[in-house]
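Here is the naming used below: chain letters follow the sequence lines, and residue numbers restart at 1 for every chain.
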Amino acid sequence: MDEKKEISDLIQSRKEKLSWFIENGYNPFEYNFDKKDKIKDIKAEFEKAENESPVKTAGRVMANRLMGKAGFFDIQDGTGRVQVYIRKDHVPEGDFKVYKHLDVGDIIGVEGTMFKTRKGEISILCSSLKLLTKSLHPLPEKWHGLKDKELRYRQRYLDLIVNPDVKDVFIKRSLIISTIRQFLISKDFLEVETPMLQFIPGGASARPFKTHHNALNREIYLRIAPELYLKRIVVGGIERVFEINRNFRNEGMDRNHNPEFTMLELYQAYSDYNDMMELVEDIFEFIGKQVFDSNEIIYREQKISLLKPWKRISMQDSFEEYAGFSVKDKSITELQSMLEEKDKIKQVKLGKVIEKLFEVYVQPKLIQPTFITDFIKDSSPLTKVHRTDEKLVERFEVFIAGMELGNAFSELNNPMVQKERFAMQVEERTSGNDEAQRMDDDYVKSLEYGLPPTGGLGIGIDRLVMFFTDSSSIRDVIFFPHLKPEI
RNA sequence: GGGCCAUUAGCUCAAUCGGCAGAGCAACUGACUCUUAAUCAGUAGGUUGAAGGUUCGAUUCCUUCAUGGCCCA
């Protein structure tokens, strides 16, 4: 498809330079290079000591200013960017020819000594240089960078090369995740892995991706949640487990949804959803302290305090506080009539109707961290009935900046009740709700052996990273977000 | 799912009322041993996202489609 592009002048001139290297005995795709120094380090050291120490580093040529028999160029590695000064009379003869055949984008190795130019820029005075990898495509414009969002997502590597802020987001992402691991491990949680391929996709209400197991000649699904497997592990006596891994849900994409997304799920025996609330507060506070050295985060120009305790309010009470009306005194028919047109027929269960109204009238107002507790029973088939109100379940969702970041319950551990709840879900399924959950007899069987009282928690890692990095789209915190194919 | 906007050179963007498609960077040729968005002189680079339609003539107006963005649900 790219035949036309292949013969474009820009590529052609680079291919001619590539040939020059080969003809003159240089390997334009070298095997290795003994890179001794990181660019950030050598600049910092010179800043401190100002001695002209020898350095050996490597990186990508990002700009070039040739002036006859000398030149300045900038190289960039994973840590930063530095200017290199090369003079014809200061390098072996061949090296200056190599320099003249370089393009912006080429990856090179440089040896030299640190110095400061007359204008005061810390630079490397080059004593030798070597082409390590020839680049055949021109980089995006040096001043304006790469702005086209579609190109940035489709060719993320270019985005990373020319837009330095992008890398910071992903470094933060990695730090946040390792901080969560560190926190949980310090609390005696065991990190585990459970099946991605499941015959019964359970643990959440969502449509799964379907695939086929050839050897067994059976349909199999990508998981929508690890929940039922993690709880089986707790049955097995490992009292605190967590998994940070991908879930797959066969639904649309928008600012907050990617079909594959990263989820933290954890289960803690002998605990309930109240303990989970404290754990959430502690995790967020710990990330704030460890990664951002702050208990206050700015998200979309809103100051958000992570200091505990966070606000806790029941789903039903939240309407009185935030929406200006009550749902307690209304019949399900009345509530249904308040729904958007498309939801009116679809939502028939009280729990779902209230949740839909909540999304519209309450959720956008939950800016500071808030636990919304005590959902209506019918929408939460894996959750224990509330200890003081049998119409409710002991479940909460946590909201920050209007985003749902997590979900937790006191886990339902009565196998008979669980079986009934699954049966009700199956009924819903047969009457057309393809997001309703499926019967999982093997899971019920595990409960029959005895799951201790257990608190469970799920946190969407992508959204959590969005929050901490002030990103407005999930696509900005996933390296390769799902996009439609180009053709 | 609905509405609005965008798509022009490798990148960032122009193009008046429908009248020869242009600039900067990048590239190419040449000059230049402290430049840093280097500078100077010159050259080249386009199926204007795709397919139709209206018109003497379409980047521009209309229809459909594709991809993306923003807003709403």
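Checked against the 6.0 Å centroid criterion, the rings of A:F325 and A:F319 qualify as a close aromatic pair.
Between A:R154 and A:R255, the residue anchored nearer the 5' end of RNA chain B, judged by the nucleotide with its closest heavy atom, is A:R154. Nearest-nucleotide positions on RNA chain B for A:F115 and A:P140 put A:P140 closer to the 5' end.
Residue-level contact check: A:D89 touches the bases, meaning some heavy atom is under 4.0 Å from a base atom. A:K88 comes within 4.0 angstrom of no nucleic acid atom, judged by non-hydrogen atoms across all strands. A:R475 comes within 4.0 angstrom of sugar-phosphate atoms only, judged by non-hydrogen atoms across all strands, and of no base. A:G145 comes within contact range of the sugar-phosphate backbone alone, with a heavy-atom separation under 4.0 Å but no base atom that close.
The side chain of A:K69 approaches B:C32 more closely than any other nucleotide in the set B:U36, B:C32, B:C34. Here the nucleotide nearest the side chain of A:S13, chosen from B:C13, B:C11, B:C28, is B:C28. Nearest nucleotide to the side chain of A:E141, out of B:C11, B:U35, B:U67: B:C11. The side chain of A:H144 lies closest to B:U12, out of B:C34, B:U12, B:U35. Across B:C34, B:U36, B:A73, the shortest atom-to-atom separation from the side chain of A:K119 is found for B:U36. Comparing B:G69, B:C11, B:U36 against the side chain of A:L151 picks out B:C11 as the nearest.
Spacing between B:U59 and B:A50 at atom P, rounded to whole Å, works out to 11 Å. Taking atom P in both B:G19 and B:G1, one finds a spacing of 38 Å when rounded to whole Å. Comparing the C1' positions of B:A66 and B:U39 gives an interatomic distance of 44 Å, to the nearest angstrom. Across the P atoms, B:C5 and B:U12 are found 22 Å apart, a figure rounded to whole Å. Taking atom P in both B:G2 and B:G18, one finds a spacing of 30 Å when rounded to whole Å. Using P as the reference atom, B:G49 and B:U8 are 6 Å apart when rounded to the nearest Å. One P atom belongs to B:U63, the other to B:G24, and the distance between them is 37 Å to the nearest Å. Nucleotides B:A41 and B:A15, compared at atom P, are 27 Å apart to the nearest Å.
Using a 30° and 60° split on the angle between ring planes, A:Y85 and A:F72 fall in the parallel class, below 30°. Classified by interplanar angle (parallel below 30°, tilted 30° to 60°, perpendicular above 60°), the ring pair A:F170/A:F479 is parallel.
Of all the heavy atoms in A:P28 and A:F21, the pair that sits closest is CB-CB, 4.4 Å.
Listed pair A:K484 / B:U67 meets the phosphate criterion, a side-chain N or O lying under 4.0 Å from OP1 or OP2. A:K17 has a side-chain polar atom (N or O) that falls below the 4.0 Å cut-off from OP1 or OP2 of B:C28.
Straight-line distance from the CZ atom of A:R152 to the P atom of B:G68: 15 Å, rounded to whole Å.
When both pairing distances are held under 3.5 Å, B:A6 makes a Watson-Crick or G-U pair with B:U67.
If you check distances only, the side chain of A:Q83 does reach the base of B:U35 with a donor-acceptor pair under 3.5 Å.
Annotated as anti: B:C13, whose O4'-C1'-N torsion sits more than 90° from 0.
At least one donor-acceptor pair under 3.5 Å links the side chain of A:D470 to the backbone N or O of A:R300.
When each of A:K167, A:R152, A:R154 is tested with A:D159 by the rule side chain to side chain donor-acceptor pair (under 3.5 Å), just one qualifies, namely A:R152.
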